[in-house]
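Let me begin by presenting the structure, written as structure tokens, before commenting on it.
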Amino acid sequence: MSEQLHPLSDLNGKPPGTTSWDRSITEAGTDMRSYYGRPILKEPVWTWEIPTYFFTGGVAGASAVLSTAAKLTGNERLSRAALYIGATADLVSPLLLISDLGRPERFHHMLRVVKVTSPMNLGSWVLLVSSGASNTAAGLELLGRLKPVKLLAEAVSTLAGPLLATYTGVLVADTAIPVWHEGRHELPWIFGASAAASAGAAASMFVPPGDAGPARRLAVAGVLAEGALMQAMELRLGKVGEVYHQGEAGKFSWAAKGLAAAGATLLAKRGRKSRTSAVLGGALVCAGELCLRWAVYKAGFQSARDPKYVVESQRRRVEQDGTKATTKPDER
Amino acid sequence: MNLLQELLEPTGDPDGWEAYGDEQKERVGFFTDTSVCIGCKACEVACKEWNLIPEDGRVWTGESYDHTSQLGANTWRHVAFVEQRKPLITNGDDDGSTGLRWLMESDVCKHCTHAACLDVCPTGSLFRTEFGTVVVQQDICNGCGYCVPACPFGVLDKRHIEATTDPPPAILGRKEDGRVWKCTLCYDRLKGGHEPACAKACPTKSIQFGPLEELRERADARLAKLENEGWNGAQLYGRDPDDGVGGFGAFFLLLDDPEVYGLPPDPVVTTRDLPQMWTNMLAAAGTMLVGVAALTLFGRRG
């Protein structure tokens with residue numbers, strides 16, 4: 001594809017009749033390997049709520065596990081903080097999702113079927129269970145009542161949490177967008193690691209350093225795992241993955257790495273001694289993990305926008321495996 | 001659950017179609033033969049009129065005679081135009097023609113045998129009709145937008161302009177339609193025993209409507225004829241039930257590679273990888289549960 005075939009995909013917003021060509025439309029059409037550089041796929045119609053939800057859902061899911069594990073070690077302070085953080089994130093999450101809908105008043109249509117082929121449908125059910133359980137547990141903790149019910153609610157949210165934190169990786173991977181679908185092996189792991197990091201970081205902000213050891217370990221381990229997995233994914237994606245270094249996705253990706261690394265370093269080095277460092281480090285890691293979700297989100301838009309990612313990766317597949325999509329006379 | 005079963009052991013039939021039992025009708029579709037398309041856009045107009053699709057802006061693109069550019073919420077038939085300095089006929093010796101050709105192709109929803117949009121739709125708004133086609137139920141769609149990036153052809157899109165029917169409640173302060181729209185293969189007309197509006201309006205029989213099996217035979221014969229006459233680049237697209245989406249319900253005869261018309265060269269239904277993706281996710285979730293617990297249980301408290 002030559003360069004001058006691409007600018008036309010930016011036509012939206014330009015006044016009609018202002019498109020200019022370096023050469024005749026016939027010359028362009030003769031060499032064309034895409035339709036005037038226009039996208040083959042549609043970019044997602046999702047708005048800012050979705051990547052934000054990927055973050056809050058991750059915080060909610062991993063916090064539930066952290067809370068229960070801390071409770072088992074008798075670390076009540078950490079357990080309670082993680083419970084409240086998780087419940088808050090679980091309360092915000094459905095609101096974000098409903099706000100993103102084209103028809104918010106129809107949000108409950110998500111729950112009129114159970115559909116294993118739809119990650120968004122199963123995710124809605126997981127969120128319903130997780131959100132219901134964690135908020136029941138947090139409410140009863142506040143009131144100090146109905147201990148058996150609270151324990152049951154905690155158990156449910158502990159089991160639902162990891163599903164909530166990782167299904168969003170499948171959600172984006174189960175699309176035709178090359179950078180998302182080709183990253184399907186790593187995305188649930190990346191989202192899980194990122195969720196663990198942000199839950200640990202959030203808890204280190206709200207718990208006195210003397211009780212926040214597990215939260216800091218979680219934040220640091222999560223950042224390391226997420227960074228390594230991200231590298232592994234980019235390596236395997238090859239050219240399709242280049243969008244992580246370009247445009248907005250590139251900026252978010254860079255910010256994610258810098259913020260998370262700085263935050264994790266601060267937590268590891270000074271988090272035990274200084275409360276200020278713990279709060280600052282935790283905030284930096286959370287910001288980094290939020291940027292990571294934005295990087296993945298924006299990368300999908302960029303991957304859908306340029307037809308070369310679809311054409312080149314599918315052409316490679318055709319050359320390797322042969323194709324059934326086209327039937328040519330000489331092949332029959 | 002039977003949807004997952006179909007993912008694991010796909011049959012040649014459209015997913016969900018056999019559920020109709022006695023009410024199941026013969027599978028119908030389109031065969032769009034671009035070798036006789038004259039680019040009149042009667043299909044675009046007939047589609048808009050019959051389906052009451054709103055006007056969506058008039059843009060001068062400079063891209064040959066194409067001013068709708070792509071399929072979307074408000075364009076369910078789209079005629080692509082490509083001008084080329086290539087001969088139309090290449091049968092051995094050069095025929096001495098000017099070597100110019102003008103390709104036109106009326107694009108439409110492919111009504112895939114294995115449809116990603118239908119699989120991922122979380123509300124069940126997208127469904128398989130008794131005719132084997134794929135339709136959005138507008139009273140169910142809540143505008144989640146998941147089908148939009150799921151479609152390997154970029155067919156579906158959200159309607160951002162004001163609702164013409166069934167507007168959102170005023171209390172939300174929203175005016176835009178907010179739902180996803182696409183070709184229904186004129187479900188209402190099929191119900192009444194009529195052919196879809198675009199096929200009815202097509203003056204050259206470039207758009208042919210009928211039982212899919214019959215259309216496939218007709219397409220094979222047409223391709224053989226074009227081969228005899230030496231047409232340059234003639235190929236069927238989406239005819240084979242063994243392709244990545246199980247064959248298209250609406251397939252094409254093209255005169256150049258699919259990507260030249262803005263079509264993906266080897267589309268696949270990404271939900272076919274879903275069983276593997278769910279297993280992978282469960283492994284990640286389990287690892288996360290164990291990992292978070294281990295980091296908390298072992299090591300210093302402070």
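As the structure is a computational prediction, the values presented were derived from the model and not from experiment. So you know, we letter chains A, B, ... as the sequences are listed, proteins then strands, and number each from 1.
Pairing each heavy atom of A/L122 with each of B/W278, the nearest pair is CD1-CZ2, 3.7 Å. Of all non-hydrogen atoms in B/M281 and A/T166, the two that sit nearest each other are CG-OG1, 3.5 Å. Nearest heavy atom pair, residue A/E43 against residue B/V148, reads O-CG1, 3.6 Å. Taking all atoms of both residues into account, the shortest heavy-atom contact from A/K115 to B/C121 is NZ-O, 2.8 Å.
The CD1 atom of A/I40 sits 11.5 Å away from the CD atom of B/Q70 when rounded to the nearest 0.5 Å. Between the CE atom of A/M32 and the CD atom of B/E83 there is a distance of 9.5 Å, given to the nearest 0.5 Å. From B/L223, atom CG reaches atom NZ of A/K328 across 11.0 Å, with rounding to the nearest 0.5 Å. Atom OG1 of residue A/T117 and atom CG of residue B/L274 lie 7.0 Å apart, to the nearest 0.5 angstrom. Once rounded to the nearest 0.5 Å, the distance linking CG of A/L41 with CZ of B/F153 reads 10.0 Å. Interatomic distance, B/F251 CZ to A/T326 OG1, rounded to the nearest 0.5 Å: 14.0 Å.
Under a 3.5 Å cut-off, the side chain of A/Y35 and the backbone N or O of B/F81 do form a donor-acceptor pair. Distance alone, capped at 3.5 Å, is enough to place a donor-acceptor pair between the A/K42 side chain and the B/L71 backbone. Here the side chain of A/T30 pairs a donor or acceptor atom with the backbone of B/R85 at under 3.5 angstrom. Side-chain N or O atoms of A/T175 include none that pairs as donor or acceptor with a backbone N or O of B/A150 at under 3.5 Å. Remark: side-chain polar atoms of B/R179 are not paired, donor with acceptor, to backbone N or O of A/G102 under 3.5 angstrom. Between the A/R184 side chain and the B/N280 main chain, no donor and acceptor come within less than 3.5 Å of each other. Side-chain atoms of A/W180 never come within 3.5 Å of backbone atoms of B/P149 as a donor-acceptor pair (strictly under, hydrogens ignored).
Other residues, nucleotides and ligands place more than 12 heavy atoms under 6.0 Å from the CZ atom of A/F301.
Exactly one of A/V311, A/V310, A/D321, A/V318 qualifies for a side chain to side chain contact (heavy atoms under 4.5 Å, CB included) with B/D266. That residue is A/V318. Tested against B/E259 for a side chain to side chain donor-acceptor pair (under 3.5 Å), the candidates A/K308, A/R315, A/Q314 yield a single pass: A/R315. The only member of A/L101, A/V45, A/N121 that meets side chain to side chain contact (heavy atoms under 4.5 Å, CB included) when paired with B/C144 is A/L101.
Only the backbone of A/A212 comes within contact range of chain B, with at least one heavy atom under 4.5 Å from a heavy atom of that chain. Of the two parts of A/A221, only the side chain, counted from C-beta on, holds a non-hydrogen atom closer than 4.5 Å to a non-hydrogen atom of chain B. Heavy atoms of A/F107 lying under 4.5 Å from chain B belong exclusively to its backbone.
Per-residue heavy-atom pair counts under 4.5 Å with chain B were compared for A/N75, A/I177, A/L111, and the maximum is reached by A/N75. Highest contact tally toward chain B, considering only A/L78, A/D174, A/L187, is held by A/D174 [criterion: heavy-atom pairs under 4.5 Å]. If you tally non-hydrogen atom pairs under 4.5 Å between each of A/H181, A/H108, A/E105 and chain B, the highest count goes to A/H181. Of the listed residues A/V113, A/V170, A/L163, the one with more heavy-atom pairs under 4.5 angstrom with chain B than any other is A/V170. Most heavy-atom pairs under 4.5 Å with chain B: of the set A/G169, A/P209, A/P119, this distinction falls to A/P119. Ranked by heavy-atom pairs under 4.5 Å with chain A, the list B/G286, B/A219, B/P169, B/P241 is led by B/P169. Ranking B/G233, B/G154, B/A283 against chain A, the residue ahead of the rest is B/G154, based on heavy-atom pairs under 4.5 Å. Comparing B/P258, B/G72, B/C141 by heavy-atom pairs within less than 4.5 Å of chain A, the highest count is held by B/C141. Options A/L66, A/L171, A/T158 differ in how many heavy-atom pairs under 4.5 Å they form with chain B, and the most are formed by A/L171.
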Practice problem: Take B/D139 and A/R103, measure what salt bridge (Lys or Arg N to Asp or Glu O under 4.0 Å) needs, and give me the verdict at the end. | Solution: CA-CA 11 Å; B/D139 54 339; A/R103 285 304 185 88; over 6 Å; no
Quiz item: Between A/R33 and B/V260, does a side chain to side chain contact (heavy atoms under 4.5 Å, CB included) hold up when you go through it step by step?
Solution: CA-CA 5 Å; A/R33 299 314 299 166; B/V260 174; 3.8 Å; yes
Practice problem: For A/Y36 and B/S69, run side chain to side chain contact (heavy atoms under 4.5 Å, CB included): C-alpha distance rounded to whole Å, both residues' side-chain angles, the deciding distance at 0.1 Å, then the answer. | Solution: CA-CA 9 Å; A/Y36 302 103; B/S69 299; over 6 Å; no
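Look at B/D107 and A/R38 and you find no salt bridge, because none of the NZ, NE, NH1 or NH2 atoms lies under 4.0 Å from a carboxylate O.
The salt bridge (charged side-chain N to carboxylate O under 4.0 Å, His left out) pairs that include a residue from residues 279-294 of chain B number zero, where partners must be two or more places apart or lie in different chains.
Annotation: salt bridge (Lys or Arg N to Asp or Glu O under 4.0 Å) contacts of B/R301 (sequence neighbours excluded): A/D211.
Below 30°, between 30° and 60°, or above 60°: for B/Y146 and A/W46 the angle between ring planes is between 30° and 60°, a tilted geometry.
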